[in-house]
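Read the structure below first, then the notes.
Order of listing sets the numbers, starting from 1, for every ligand and every atom in it. Predicted, not measured: the structure shown is a model, and the values here were computed from it. Computed from heavy atoms alone, side chains included, the values below leave out hydrogens, waters and symmetry copies.
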Amino acid sequence: MENLEAIKENASTPLFDRDQVKTSIAHIGVSNFHRSHQANYMHDLIEKHHELNYGICGIDLLDSDRKTYNVLKDQDGFYTLITKDATSLHKPKIIGSIIEYFFGPENPMAVIERLANPDIKIISLTIAEDGYHLNEITGEFNQKHPAVAEDIVNPFNPKTVFGYLTQAFKLRKLRGLLGCTILSCDNIKNNGDTMKQSFLNYVEKNEPDLLPWLKNNTTFPNTMVDRITPLTHHKDLDTLKNDFFIEDQWPVVCESFTEWVIEDNFYNEKPNWEKVGVQFVKNIAPYQNMKLQLLNAGHSVLGILGTLHGYKTVQEAANDTDFMLFLENFMDLEVAPILVKAKKIDIAEYKTTLISRFKNPNINDSLSRICSESSAKIPIFILSTLNIQLKEEENAFNRIAFIIAAWCKYNDGIDDQGNHYNIEDSISNTLIRMSALSQQHPLKFLEIKSIFKDLSSNILFTTKYLKYLNYIRTHNIKESIINFNANLI
Ligand code: CS2
């Protein structure tokens, strides 16, 4: 990425001088999603509206992020964003909003110092569902998680975001500095409140003297973030090189749809994000629930059912009319009726757009990405709907029971074409074992308490679940879906 001049013809390159941009956002978790979403909003804000105060300092904390670290270091933080619609590939865009980059495993003290620097007004996060170390059903922070336990013993060489933030805020307090806004951008219900609860819980146990200061000097707005961002394929590197003469070691691919809604609860001044399409709202719940329970849940449904059939991408499953009928009925009959309505939201329109997004033939979003860490996702995306159904005695959860039964079978790791696939999940051993045991004792899978709590003793649910599990185990998934759709099961 050394020579932006040379690629000007084939890509849109930043129209601003990066030396003029100050860094006031530290972002932890420089994932593909961060790079297609927040970093792109910041790029537009700097470029189109000359807000030069809001450059990003990217920070990664995990050893597994070494690749991103090396690429961004080599490319001075620049990377290519490739936007793919159903019918067109946009001109590649070189994003220039990541001004600095720090890598925790290499120099944890440098990260702590950067986070403690008063220039940093916002610390934003994409640390994925499992990075919050929560039991999603009880909602409690898991102090016993091995990474958390390690940070408690070894506070100056932290591994988790909680360990890093604690040290950084201790320095801010000690130096008489101001606090800042902590902005979670993950697909977690009440992501800001959840982050707050986890972090304060961690601090209360491990640095109780910091707690009162922290409560007065931080805010945690809730957010809804949305842009489908698949994993980058080697093919994307080749296309860039062959068709656009751009050599980028790790570009980011995404759809053109993008949405960001943020609760207006900032500790200090905030960027004028509304200029680039961000919505600030008082109550995030209707936006967040709609997105998590329709889009993310829809992804998981296609992911689990599609993988069982042998499909590899979201678009393959979404273009199968039997799978899509099942999904649409799930959305219309089981999710939409229990979503809280809000004036500015049109659920039907959201759903229609969503279906065309899922069908985008160019995006190549792999089902393995969708299904990874399902043990953290399913409680947020799908069991949340079931819990409301059960609480409100609506009992429209036939499809949810079917999906959970299919997820049990999914953990056998073999599709209907006889091909094996990996279960990529931090609790894959438990999932695989309980799924195997459920061959003999069908309720076994539901006994994973960290996911299902006491669902295995809910007769209303288990009656349906057992019926579908038995059917799915003795028929292939396509036939099961067809017969389900036809009311034959
Ligand atoms: C996906 C999300 O991880 C998943 O299961 O549903 O990454 C999804 O693509 C994004 O939330 C879209 O905004």
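- Using modelled atom types, one finds a donor on one side chain and an acceptor on the other under 3.5 Å when comparing Q75 with D248.
- Counting only heavy atoms of the protein, atom 13 (O) of ligand 1 lies nearest to D226 OD1, 2.6 Å.
- Side-chain contact between Y350 and Y287 is absent, with no heavy atoms from C-beta onward closer than 4.5 Å.
- With hydrogens left out, the protein atom closest to atom 7 (O) of ligand 1 is R369 NH1, 2.8 Å, a heavy atom.
- Near H299, meaning under 4.0 Å from one of its heavy atoms, ligand 1 places the atoms 1 (C), 6 (O), 8 (C), 9 (O).
- Residue contacts with ligand 1 do not include E259, since none of its heavy atoms lies under 4.0 Å from the ligand.
- When heavy-atom distances to ligand 1 are checked against a 4.0 Å cut-off, K377 comes that close only through its side chain, counted from C-beta outward.
- Counting heavy-atom neighbours within 6.0 Å of K241 NZ, excluding the residue itself, gives a total of 12 or less.
- Of the candidates N296, I228, T258, N296 brings a heavy atom nearest to atom 8 (C) of ligand 1.
- In summary, R473 and D412 engage in a salt bridge, as defined by a charged side-chain N under 4.0 Å from a carboxylate O.
- N283 and E263 share no side-chain donor-acceptor pair at under 3.5 Å.
- Of the heavy atoms in N187, only side-chain atoms (C-beta onward) come closer than 4.0 Å to ligand 1.
- Annotation for ligand 1: atoms under 4.0 Å from non-hydrogen atoms of R227 are 12 (C), 13 (O).
- Salt-bridge formation is detected for the pair K478/D320: a Lys NZ or Arg NE/NH1/NH2 atom is positioned less than 4.0 Å from an Asp or Glu carboxylate oxygen.
- In summary, K449 and D454 do not engage in a salt bridge, as defined by a charged side-chain N under 4.0 Å from a carboxylate O.
- Protein heavy atom closest to atom 10 (C) of ligand 1, with residue, atom name and distance, is K291 NZ, 3.7 Å.
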